[in-house]
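Chain naming here is simple, since letters A, B, ... match the order of the sequence lines and numbering starts at 1 in each. Heavy atoms only: backbone and side chains are in, while hydrogens, waters and symmetry mates are out.
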Amino acid sequence: MLTTPFSAATGTSTVPTITGRQHSPSPETLASLITTSKNITQLLQIHAAAIRHGFHNHPAVNFKLQRSYSSFGRLDSSLALFNRTHDPNVFFYTSIIHAHAADNLHMRGIQLYIQMISQDVEPNEFTFSAVLKGCPIEPGKLLHTHVIKLGFDSNMHVRTALVDVYSRGGDLISARQLFDTMPERSLVSLTSMITGYAKHGDLAKARTLFDSIVDKDAVCWSVMIGGYAKYGKATEAITLFRKMLRSKINPKEVTLVAILSACGQIGAIESGRSVHSYIQNHKIQINVHLGSALIDMYSKCGSLEDAVNIFDNLKNRDVVTYNSMLSGYSMHGYHQEALLLFHKMHKINHIQPTAISFIGILNSCAHSGLVSIGKGIFLSMKRKHKIEPTIEHYGCVVNLLGRAGFLNHAYTLTNTMNQINIKPDPIIFGTLLDSCTLHKNIELAEKIANSLIDQNLANSGTYILLSNLYAATSNWAGVAHMRTLMKTHGVEKEPGCSSIEIDNKVHEFVAGDMNHPKSAEIYEMVAEVNGWLVGHGYRPQTEVVVQDIGERERVRSLEVHSEKLAIAFGLISTKAGSSIKIVKNLRVCLDCHEVTKLISKVTGRRIVVRDRNRFHHFVDGVCSCGDYW
DNA sequence: GTAGGGTTAG
């Protein structure tokens, strides 16, 4: 049953203003009016006129209508027109297949292709370009045999589409072979190949090809920058972005989204802010994508105020925007705000939370010890929102329970998961081990760690956590045993690394680092800080040191933790009274946490530390995490 | 009359 406007032929609708009522238009006039129509309303009027004047079966009119509906995003209308076309030819088929591909409905596109050949309509090179666009690799391989059989494989567009199919599908060897044997390379085919490498993490190969291009356009710059951003190469992404601007190529929205994500990863707020200024100076509309990216960047760079400001000023917000804001609140320990926003989002604004929304809100509960609220939300996922919890959600709840000291309950949950076929992984057990360390529960920790080691599932974190736990309880034999195990299993500890951004440049420090040009001044500052600490009766938290060394060395090893060096550098490089922002790759240790509290009190500075899990805002000797992290 | 390259959140 066709609906309006297809059923309008018998109706008595008013005459469309655009076509006039006095004379009967020719099909050619209608066709050209369709081509120049500006919006869906105009198109509907012309369509109604075509029906009234009996041209709705005219091939050219029909074809143009079908294409225009597609281009206005009305695939349903386009398909309805296609379906009432008798014996559609290759143009009709190609066009409708393309419309489906453009809407990410690749399997429907392939079905139409199959329908086409079963009705003996011969596909041409245009058809293959359309049906291969964005097509998954398996059906793509099948289509490839058709391409060869019909002799279209040297066509530039078809070949590029094939390179793209194999490239995105991860078969980079085949993609490269098709690419290398192309009769002629184009910027588009090069970009397709680069995309393949960039998407699958081979950034070196991507970069080599990228550098070989003389005239790069915005798309290939975006692909390369996006690849770096995706694989955590934030510094490379930012450097390349600056190069892009110097090359006078205007970044597209996707480029800006990628670069904001890179800034967020390393907490480069000055770079992030300059991207924000770029957006404002170039009068680029902050839509949901850019809005979400800005919220995410500001949150991760420690400025929740800016994130909230962006959020409040957005005209449109989608679920991604809400999720970004939710995780921003969660990261910064604003659990009441997170709960309120979560409530507002689905109760007032009728935006259905997604699996990611629940990760944000459950993390928020975990960070603030809201055990019963968290449990309630977790249960509501399935019952109320019909969202099946994944391993990540279980991870949040294990963390929630474990941190709050309900270790056995958390452990039981990992067994429950097993029963419903969600196999707990080393990450979840790592979370639980972490909680065991916090509550010094050696018995459970050993049970978990040993079972992980036995199953060959242990990662560096497993050994380190157990080692930390032994150290915390002065069990040096245990620490030594862990170190031996790590050596025999070839596991290395990820070195702690802290960074600080000064004047648009990110400075990185590892423990005991002497590589910085200002090392001498940094260590002088460290000594000065130690002086303050002594004056305030501070006692070093040596229990966090994992080596069995003398007390003096233990104190010394704490003094050169990477975050202390970064803070010292911040103190000597910024104006008195200004805030200091540090980004750390691991969780902040107990000693650094205590020391930072004292530094904030003595200097009157606000110190913001982003660790692996969350933000700590140190103001006047108090941390926003309430010492619960 | 029909064609090829880039998306964001945990």
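In this structure, A:F91 does not pack face-to-face on the six-membered ring of B:dT2, missing the 5.5 Å centre cutoff or the 30° plane limit. Both stacking criteria are satisfied for A:H157 over the base of B:dA3: a centre-to-centre distance under 5.5 angstrom and an angle between ring planes under 30 degrees.
In this structure, A:E125 atom CD and B:dT2 atom P are separated by 13 Å, rounded to whole Å. Rounded to whole angstrom, the span from the CD1 atom of A:I391 across to the P atom of B:dG10 amounts to 19 Å. Rounded to an integer number of Å, the gap from A:F378 CZ to B:dG10 C1' is 16 Å. The distance from atom CG of A:L341 to atom P of B:dA9 is 18 Å, rounded to the nearest whole Å. Regarding A:Y298, its OH atom lies at a distance of 18 Å from the C1' atom of B:dA9, rounded to whole Å. A straight line from OH of A:Y166 to C1' of B:dG4 spans 16 Å, rounded to a whole angstrom. Computed from coordinates, the A:L260 CG to B:dT8 C1' distance equals 10 Å when rounded to whole Å. The distance between atom CD1 of A:I213 and atom P of B:dG6, rounded to the nearest whole Å, is 14 Å.
Side-chain polar atoms of A:D434 and A:T431 form no donor-acceptor pair below 3.5 angstrom. Donor-acceptor pairing under 3.5 Å is recorded for the side chains of A:N349 and A:Y322. A:D318 and A:T321 are linked by a side-chain donor-acceptor pair at a separation below 3.5 angstrom, with hydrogens and angles left out of the test. A side-chain donor-acceptor contact under 3.5 Å links A:T255 and A:S222. Side chains of A:Q119 and A:Y93: a donor-acceptor N/O pair is present below 3.5 angstrom, by distance only. A donor-acceptor contact under 3.5 angstrom links the side chains of A:H393 and A:T390, judged on distance only.
For A:V188, the listed nucleotide lying nearest its side chain is B:dG5; candidates were B:dA9, B:dG5, B:dA3. Closest contact between the side chain of A:S129 and the listed nucleotides B:dG4, B:dA9, B:dT7 involves B:dG4. With distances taken from any side-chain atom of A:S222 to the nucleotides B:dG6, B:dA9, B:dT8, the minimum falls on B:dG6. If you check B:dG1, B:dG6, B:dA9 against the side chain of A:N89, the one that comes closest is B:dG1. In the set B:dT2, B:dG6, B:dG10, the nucleotide with an atom closest to the side chain of A:T255 is B:dG6. Of the candidate nucleotides B:dT8, B:dT2, B:dG5, B:dG5 has the atom lying nearest to any side-chain atom of A:D164. Out of B:dG10, B:dG5, B:dA3, the shortest distance to the side chain of A:D217 is found at B:dG5. Comparing B:dG5, B:dT8, B:dT2 by their nearest atom to the side chain of A:T94 picks out B:dT2. For A:D296, counting side-chain heavy atoms from C-beta on, the closest listed nucleotide (B:dA3, B:dG10, B:dG4) is B:dG10. The side chain of A:F126 approaches B:dA3 more closely than any other nucleotide in the set B:dA3, B:dG4, B:dG10.
In summary, A:R273 and A:D306 engage in a salt bridge, as defined by a charged side-chain N under 4.0 Å from a carboxylate O.
Within the structure, a side-chain polar atom (N or O) of A:H98 is placed less than 4.0 Å from OP1 or OP2 of B:dG4. Using a 4.0 Å cut-off, no side-chain N or O of A:S357 falls inside it from OP1 or OP2 of B:dA9. In this structure, A:R67 reaches the B:dA3 phosphate: one of its side-chain N or O atoms is under 4.0 Å from OP1 or OP2. The phosphate of B:dG6 (OP1 or OP2) has no side-chain N or O of A:K252 nearer than 4.0 angstrom. Between B:dA9 and A:K300, no contact under 4.0 Å exists linking OP1 or OP2 to a side-chain N or O. One finds a side-chain N or O of A:K199 lying less than 4.0 angstrom from the OP1 or OP2 phosphate oxygen of B:dT7.
No engagement by A:Y93 is indicated, since no non-hydrogen atom pair under 4.0 Å with the nucleic acid exists. Among the heavy atoms of the strands lying under 4.0 Å from A:V223 are primed sugar atoms or P, OP1, OP2 only; no base atom is included. Within the 4.0 angstrom heavy-atom criterion, base atoms lie near A:L187. Residue-level contact check: A:S95 touches neither bases nor backbone, having no heavy atom under 4.0 Å from any strand. In this structure, A:M193 reaches neither bases nor backbone, as no heavy-atom distance under 4.0 Å exists between it and the strands shown.
If you check distances only, the side chain of A:N155 does reach the base of B:dA3 with a donor-acceptor pair under 3.5 Å. With hydrogens and angles left out, the side chain of A:T191 and the base of B:dG5 share a donor-acceptor pair within 3.5 Å. A donor-acceptor contact under 3.5 angstrom links the side-chain atoms of A:T160 to the base of B:dG4.
By the neighbour-count criterion of 12 heavy atoms within 6.0 Å, atom NZ of A:K230 is densely surrounded, having more than that number from other residues, nucleotides or ligands.
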